[in-house]
Amino acid sequence: QVQLVESGGGLVQTGGSLRLSCAASGRTLSSYVVAWFRQVPGKEREFVAVINRSGDTTNYPNSVKGRFTISRDNARNTVDLQMNSLKPEDTAVYYCAASPVYSTTYRPYDYWGQGAQVTVSS
């Protein structure tokens, strides 16, 4: 098993930047595909970014493409999400998740962090 902990959330103004980090303990994170999802109350969990085990393949939805960048450091057992040009609609709780398979949907992800709040003020 792997335990995930997110950090780096907070409050930022429109157009600002934040960097979220997902740290793993237990099994090495390099064994997993890692993704970020976000959720606002009353809505389904939304895919934000995914990175494969080696870090050379990523995928983003159109809503964040060109603004968000996912990266991983397998030596440090971390996956980061750099978020630039933030908009109020990016406000959500952000979760990192680990899966044995590459997917942009949340169902294959077996391990989840506790979430980090990101709030973008207008």
Side-chain angles (χ1 to χ4, degrees):
Q1 285 201 358
V2 62
Q3 292 78 42
L4 304 174
V5 177
E6 301 95 340
S7 61
L11 174 65
V12 65
Q13 291 186 336
T14 296
S17 298
L18 281 175
R19 189 176 184 90
L20 299 179
S21 186
C22 177
S25 60
R27 195 170 177 183
T28 178
L29 200 56
S30 62
S31 301
Y32 298 94
V33 173
V34 178
W36 288 91
F37 293 83
R38 64 188 181 188
Q39 191 168 25
V40 298
K43 291 191 175 182
E44 284 197 359
R45 199 160 289 193
E46 178 188 11
F47 164 70
V48 173
V50 62
I51 190 165
N52 68 344
R53 291 179 182 82
S54 61
D56 58 4
T57 300
T58 59
N59 199 3
Y60 308 89
N62 289 335
S63 57
V64 308
K65 194 173 292 183
R67 301 189 297 122
F68 290 13
T69 303
I70 188 172
S71 60
R72 68 190 302 159
D73 185 337
N74 286 336
R76 296 180 58 195
N77 234 18
T78 59
V79 172
D80 290 348
L81 183 69
Q82 177 66 41
M83 304 183 294
N84 299 329
S85 302
L86 283 161
K87 305 174 182 180
E89 51 263 45
D90 294 319
T91 296
V93 177
Y94 283 71
Y95 299 88
C96 67
S99 169
V101 299
Y102 192 88
S103 177
T104 61
T105 64
Y106 67 86
R107 294 184 189 279
Y109 289 85
D110 300 318
Y111 305 104
W112 293 82
Q114 82 288 353
Q117 177 69 47
V118 171
T119 303
V120 185
S121 63
S122 56

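Worth knowing before you read on, the calculation uses all heavy atoms, side chains too, and leaves out hydrogens, waters and symmetry mates.
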Any residue meeting side chain to side chain contact (heavy atoms under 4.5 Å, CB included) with S25, in chain and number order, not counting sequence neighbours: Q3
- prompt: When clusters are formed by joining ILVMFWY residues with side-chain heavy atoms under 4.5 Å apart, either directly or through shared neighbours, do V48 and V12 land in the same one?
  reply: yes
query: Who passes salt bridge (charged side-chain N to carboxylate O under 4.0 Å, His left out) against R38, sequence neighbours left out?
result: E46, D90
- prompt: To the nearest 0.5 Å, what is the distance between CG (N52) and OG1 (T58)?
  reply: 8.0 Å
query: What pairs with A49 under side chain to side chain contact (heavy atoms under 4.5 Å, CB included), at least two apart in sequence or on another chain?
result: Y60, I70, L81
task: Not counting sequence neighbours, list each pair that qualifies as a disulfide (SG to SG under 2.5 Å) and has a residue in residues 20-113.
output: C22-C96
- prompt: At their closest point, which heavy atom of N84 faces which heavy atom of S17, and how far apart are they?
  reply: OD1-OG, 2.9 Å
- request: State, with a plain yes or no, whether a side-chain heavy atom of L29 is found less than 4.5 Å away from one of L4.
  value: yes
query: Within the distance-only criterion (no hydrogens, no angle test), does the side chain of R72 pair as donor or acceptor with the backbone N or O of G55 below 3.5 angstrom?
result: no
message: Nearest 0.5 Å, please: how far is NZ in K87 from OG in S122?
response: 14.0 Å
Which residues share a side chain to side chain contact (heavy atoms under 4.5 Å, CB included) with V40, sequence neighbours left out: K43, A92
message: In the structure I gave you, are the side-chain heavy atoms of Q39 and Y106 within less than 4.5 Å of one another anywhere?
response: no
message: According to salt bridge (charged side-chain N to carboxylate O under 4.0 Å, His left out), who are the partners of R27, at least two apart in sequence or on a separate chain?
response: none
- prompt: Distance from N59 atom CG to Y102 atom OH, nearest 0.5 Å?
  reply: 4.5 Å
field: 4.5 Å side-chain heavy-atom contact, V33 and V101
entry: no
- prompt: Do P88 and T14 have side-chain heavy atoms sitting under 4.5 Å apart?
  reply: yes
message: To check you understand the geometry: which heavy-atom pair defines the closest contact between E6 and A116, and what is its length?
response: CB-CB, 4.0 Å
By side chain to side chain contact (heavy atoms under 4.5 Å, CB included) - contacts of V118 (at least two apart): L18, L20, M83, Y94, V120
field: By ring pair (Phe, Tyr, Trp, His ring centres under 6.0 Å) - contacts of Y109 (at least two apart)
entry: F37
message: Connecting only ILVMFWY residues whose side-chain heavy atoms lie within less than 4.5 Å of each other, what is the rest of L11's hydrophobic cluster?
response: none
- request: Any salt bridge (charged side-chain N to carboxylate O under 4.0 Å, His left out) involving residues 75-85? Give me the pairs, sequence neighbours left out, ordered by first then second residue.
  value: R19-D80
- request: Name all pairs fulfilling the ring pair (Phe, Tyr, Trp, His ring centres under 6.0 Å) condition that reach into residues 62-86, sequence neighbours left out, sorted by first residue then second.
  value: none
message: Y32: which residues meet the ring pair (Phe, Tyr, Trp, His ring centres under 6.0 Å) condition with it, sequence neighbours left out?
response: Y111
Within-4.5 Å side-chain heavy-atom neighbours: R53 and S30: no
- prompt: Do I51 and W36 sit in the same hydrophobic cluster, where Ile, Leu, Val, Met, Phe, Trp and Tyr count as joined when their side-chain heavy atoms come under 4.5 Å apart?
  reply: yes
